[in-house]
Amino acid sequence: MFAFENRIWDRNETLSREDLESLQLARLRQTVERAANVPFYRNALARARVTPKDIRSLDDIRRLPMTVKDDMRNNYPLGLLATPMEDIARVHGSSGTTGKPTFVAYSKGDLDTWAGLCARFLTAGGLLPSHLVHICFGYGLFTGGFGLHYGVEKVGAAVVPASSGNTPRQIMLIRDLGAQVLVSTPSYALNIAEVARAQGLGPDDLPLKFAHFGGEPWTEDMRIRIEKELGLLAFNNYGLSEVIGPGVSGECAARNGMHVQEDHFIVECIDPDTLEPVKEGEGGELVFTSLTKEAMPVLRYRTRDIACLDRAPCPCGRTGVRMGRIVGRTDDMLIIRGVNVFPSQIEEALLRVEGAAPHYVIEIDRPGSLDQVTVRVEVLPESFSDKMSVMQILHDRIDREIQSITGIRVKVELAAPQTIERSVGKAKRVIDHRAAKPV
Ligand code: ADP
Ligand code: ZN
């Protein structure tokens, strides 16, 4: 049924709903107790008039206060520790995509839990102890590099901790050492594919068979493109530093959504405006509560990431609810003449147009009272022409495709090959000029 053997790392991944829920409830109570050691949560719990004893069923989670990114910032740098500083084994930070970084801390136990979570999704995505894994996530405060590194080691596979940058050298290492598995952001994989192609290397010249991508939104069309160019099977994994880092959820061989590791995290999907749960299967903001974290438990952390949840059984046997692709962050959502648009929808449109390269930026401005969106997209070298009429046809096709997927018209600008900056980690695709202006 699958392209490779469906192996399961941990039997907790296949717990029955009943067993899973009773484990979740016991762990949720412990988490609330632990969180009450932190002045911030103690106050928030007091304001919400909840004590650990009030948590009698999983539904009682809705009585708990929510936590947002600003709570992390206001307790900068390490005000949310639930354990003494001497129990901390490592500190990481969010990449600061949307402002000042926030720090997160791990106990020894947390590091072990985290490696196990990564080992689960890596195994789900085909990793074997005999594999060599090339990691080009940045090693540093960003949770991607070290998170995946220890997950790979936990499985018993070997790691090449290449870190990010210097793409020709990455390709040389992948080829010379013979890595079967690539770990990176999807946009960086695209960059690798492009540089390889420029060196005259096709998919058969690279030893890669599997890839694990995460850290940024990407579309199904992007998966198809990267898989073809690098000759591998690509898997999606999701996480964020405030919750633990990568390992919150990941795809299995069915590649139809990412199984949330529900024995370690409770996930809710809410309407970001009303904060009420969305209807089953509808898109909403994901909210996570950690169940096993020691150093920095989180209660109902609002991720600002929008996705939907699917509770249907999965052929792989894992019972964790599956989350769909992240369609975007609430902060990246564009509201154009009343229509909500995510950058990922624009990517979807661009990748459907032959001749458009998968390299683009979206600029938002507000010259008057309305938002104006400009999509600047590179033209593939083989489709680039100095004939205006040829470029106009491509321009109009892109325009129509964006309109048909998003329902809005944007300004399309074609850019010459190699003129849009390539990503070495998380791609910065949305440039919002509105924020810089006084209101
Ligand atoms: P920052 O919020 O500063 O980028 P992190 O490094 O913790 O901090 O990144 C976490 C964020 O990255 C998530 O909240 C999400 O927006 C994004 N992300 C991570 N993995 C994925 C994925 N597989 N698909 C889409 N977005 C992802
Ligand atoms: Zn599955």
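Only a predicted model underlies this, so the values are computations on that prediction, with no experimental measurement involved. All ligand and atom numbering here is 1-based and tracks the order in the structure.
Heavy atoms of Arg325 found under 4.0 angstrom from ligand 1: none, in either backbone or side chain. At a heavy-atom cutoff of 4.0 Å, ligand 1 is contacted by the side chain of Lys69 but not by its backbone. Looking at Asp305 against ligand 1, only its side chain comes within 4.0 Å, counting heavy atoms. Heavy atoms of Thr143 found under 4.0 angstrom from ligand 1: none, in either backbone or side chain.
On a distance-only criterion, Arg329 and ligand 1 share at least one N/O pair closer than 3.5 Å. For ligand 1, the polar-atom distance check against Gly215 finds a nitrogen or oxygen pair separated by under 3.5 Å.
Computed with the Zn ion (ligand 2) at the centre, the Cys252 SG to His259 NE2 angle is 110°, stated to 10 degrees. Angle SG(Cys314) to the Zn ion (ligand 2) to SG(Cys316), rounded to 10°: 110°.
With 3.5 Å as the limit, one finds a donor-acceptor pair spanning the side chains of Asp110 and Ser107.
Aromatic ring centres of Phe142 and Phe137: separated by under 6.0 Å.
Atoms of ligand 1 found under 4.0 Å from any heavy atom of Phe142, numbered from 1 in the order shown, are 6 (O). Heavy-atom proximity to Asn237, at under 4.0 Å, picks out these atoms of ligand 1: 20 (N), 22 (C), 23 (N). Close approach to Ser241 involves these atoms of ligand 1, each under 4.0 Å from a residue heavy atom: 7 (O). Short contacts between ligand 1 and Asn236, defined as distances under 4.0 Å to a heavy atom of the residue, involve ligand atoms 22 (C), 23 (N).
Under the 4.0 Å criterion applied to side-chain N and carboxylate O atoms, Glu348 and Arg352 are assigned as salt-bridge partners. Classification of Glu276 and Arg62 as a salt-bridged pair holds, one side-chain N sitting under 4.0 Å from a carboxylate O. Here Glu220 pairs with Arg223 in a salt bridge; the nearest charged N to carboxylate O distance falls below 4.0 Å. Arg120 and Asp263 are joined by a salt bridge, as a carboxylate oxygen and a charged side-chain nitrogen come within less than 4.0 angstrom of each other.
Surrounding CZ of Arg409 are at most 12 heavy atoms belonging to other residues, nucleotides or ligands under 6.0 Å away.
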Kindly list each side-chain donor-acceptor pair under 3.5 angstrom involving residues 207-219, sequence neighbours excluded, with atom names and distances?
from, atom 1, to, atom 2, distance (Å)
Glu216, OE1, Ser187, OG, 3.2
Glu216, OE1, Ala427, N, 2.7
Glu216, OE2, Ser187, N, 2.7
Glu216, OE2, Ser187, OG, 2.7
Trp218, NE1, Asn236, OD1, 2.9
Thr219, OG1, Met222, N, 3.2
Thr219, OG1, Glu347, OE2, 2.7

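By heavy-atom distance, the residue among Met323, Glu216, Glu242 lying nearest atom 27 (C) of ligand 1 is Glu216.
Ligand 1 does not have Arg304 within reach: every non-hydrogen atom of the residue lies 4.0 Å or more from it.
Of all the heavy atoms in Asn340 and Gln345, the pair that sits closest is O-OE1, 4.0 Å.
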